Structure formats: C-alpha cells, structure tokens
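Worksheet: the structure to be examined is printed underneath.
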Amino acid sequence: VQLQAFGGGLVQAGGSLRLSCAASGRTFSSRTMGWFRQAPGKEREFVAAIRRSGGTYYADSVKGRFTISRDNAKNTVYLQMNSLKPEDTAVYYCAATRINYSGDTDTDYEYWGQGTQVTVSS
C-alpha cells in the first residue's frame, strides 16, 4: 500500500484546510486509516482515525473542529480541519493499518504517507 498525502498549506488562525490521502491497492476499504501529526521538537501524535465500518475517533485537542472521512470508491481518506489554531501547525501524516480498531497508536500502522505541512499563523 502506498499513501500520498496532500492539501497542506499556510492558513490564518480560524481558517480551514482539507487534507487528502490517496491510497494505492485493493485493500483500502478493509483498513483503518489514521491521521497523525508532528510539530517541531515534539513527538508524533494521533489526530483522527476512521475504521472500515466508518466509525471515527479523534484526539481531544481536535474534537469538534476536525472531521475524518473516507471514500472507498476513490481510495481516499480526508481530514477536514476547521477553526484552525497556531498549535495545529505540524507535518500531517496519513497511515493505514489492517487492525480494525480506534487507531490511536502509531506503532500499529504498517503504511505511512510522506506528510504534508500545515502552518497556521496567528
């Protein structure tokens, strides 16, 4: 499985961005897909995940502002980010795992995209 994330950029606080992650292969629909982020000098952290059933999970820091979704016909997972804050600035990574669960542990993911930079100015 190959993943390619895109859609990052520079946005002012309070603005919105939508990240996309396109996956290759025929197993996309059976995988839990996740988004993680890593800010400079910090460890990578969980942002959101979506199970193959469509169940979604979010970090407390983004709950109510971010929405994860998937389009199995397009092999793509999305992260809609609203009400962005400067502390959301990070490189965002998408990832895929065969494990069907809440998806909040990065070591459970087998495949990773290259990351896309999100910068939120104050």
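Note that the structure is a prediction, hence the values are computed from the model and not measured.
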(request) Can you see which heavy atom on T32 is nearest to which on I99, and at what distance? (result) OG1-O, 2.7 Å
(message) I'd like to know if the side chain of T105 reaches the main chain of T107, judged simply by a donor and an acceptor atom lying under 3.5 Å from each other, with no hydrogens or angles considered.
(response) no
(request) Using the rule that two of Ile, Leu, Val, Met, Phe, Trp, Tyr join whenever any of their side-chain heavy atoms come within less than 4.5 Å, decide whether V62 and Y78 are in one cluster. (result) no
(message) The criterion is side chain to side chain contact (heavy atoms under 4.5 Å, CB included); which residues satisfy it with S29, sequence neighbours excluded?
(response) N72
(request) Kindly say whether R51 contributes a backbone atom to a donor-acceptor pair with the side chain of S53 at under 3.5 angstrom? (result) no
(request) Kindly write out the residues that satisfy ring-ring contact (aromatic ring centres under 6.0 Å, His included) with F36, not counting sequence neighbours, or none if the list is empty. (result) F46, Y109, W112
(request) Check S30 against T27 and note the closest heavy-atom contact, atom names and distance. (result) OG-O, 2.8 Å
(message) Walk me through whether R52 and N100 qualify under side chain to side chain contact (heavy atoms under 4.5 Å, CB included).
(response) CA-CA 7 Å; R52 60 191 182 195; N100 185 29; 3.4 Å; yes
(message) I'd like to know if the side chain of Q117 reaches the main chain of G8, judged simply by a donor and an acceptor atom lying under 3.5 Å from each other, with no hydrogens or angles considered.
(response) no
(request) Over all heavy atoms of both residues, which pair between Q114 and A5 is shortest? Give the atoms and the distance, please. (result) NE2-O, 2.7 Å
(message) Between F6 and L19, does the side chain to side chain contact (heavy atoms under 4.5 Å, CB included) criterion hold? Intermediate values first, please.
(response) CA-CA 6 Å; F6 52 95; L19 305 184; over 6 Å; no
(request) Taking all heavy atoms of P86 and all of A13, pick out the closest pair and write down the distance. (result) CD-CB, 4.1 Å
(message) I need the full list of salt bridge (Lys or Arg N to Asp or Glu O under 4.0 Å) pairs touching residues 99-109, with sequence neighbours left out, sorted by first then second residue.
(response) R44-D106
(message) Please determine whether side chain to side chain contact (heavy atoms under 4.5 Å, CB included) holds for the pair R98 and R31, giving the CA-CA distance in whole Å, both sets of side-chain angles, and the decisive distance to 0.1 Å.
(response) CA-CA 5 Å; R98 290 172 293 181; R31 297 184 182 274; 3.0 Å; yes
(message) Are R37 and S61 packed together at the side-chain level, in the sense that at least one heavy-atom pair is separated by less than 4.5 angstrom?
(response) yes
(message) Is it the case that over 12 heavy atoms from other parts of the model lie below 6.0 angstrom from the NZ atom of K63?
(response) yes
(request) Answer yes if V91 and F66 sit in the same cluster of Ile, Leu, Val, Met, Phe, Trp and Tyr residues linked by side chain heavy atoms under 4.5 Å apart, and no otherwise. (result) no
(request) Is it possible for you to say whether W35 and V1 belong to one hydrophobic cluster, with membership spreading through side-chain heavy-atom contacts below 4.5 Å? (result) yes
(request) Would you mind listing every ring pair (Phe, Tyr, Trp, His ring centres under 6.0 Å) that reaches into residues 83-105, with sequence neighbours excluded? (result) none
(request) Identify the heavy atoms of L3 and C21 that sit nearest to each other, and give their distance. (result) CB-SG, 3.9 Å
(request) Return the minimal non-hydrogen interatomic distance between A48 and L79, and the atom names on each side. (result) CB-CD1, 4.1 Å
(message) Could you check whether R70 makes a cation-pi contact with F28, meaning its NZ or CZ is under 6.0 Å from the centre of the six-membered ring and within 45° of the ring axis?
(response) yes
(message) Assess the residue pair Y58 and V47 against the criterion (side chain to side chain contact (heavy atoms under 4.5 Å, CB included)); give the C-alpha distance rounded to whole Å, side-chain angles, the decisive distance to 0.1 Å, and a yes or no.
(response) CA-CA 6 Å; Y58 298 93; V47 176; over 6 Å; no
(message) Checking V11 now: which residues fulfil side chain to side chain contact (heavy atoms under 4.5 Å, CB included) with it, not counting sequence neighbours?
(response) L17, L84, V120
(message) Rounded at 0.5 Å granularity, tell me how far OG in S102 sits from CD1 in I50.
(response) 13.0 Å
(request) Keeping to residues at least two apart or across chains, list the side-chain hydrogen bond (donor to acceptor under 3.5 Å, both in side chains) pairs with something in residues 2-26. (result) S16-N82
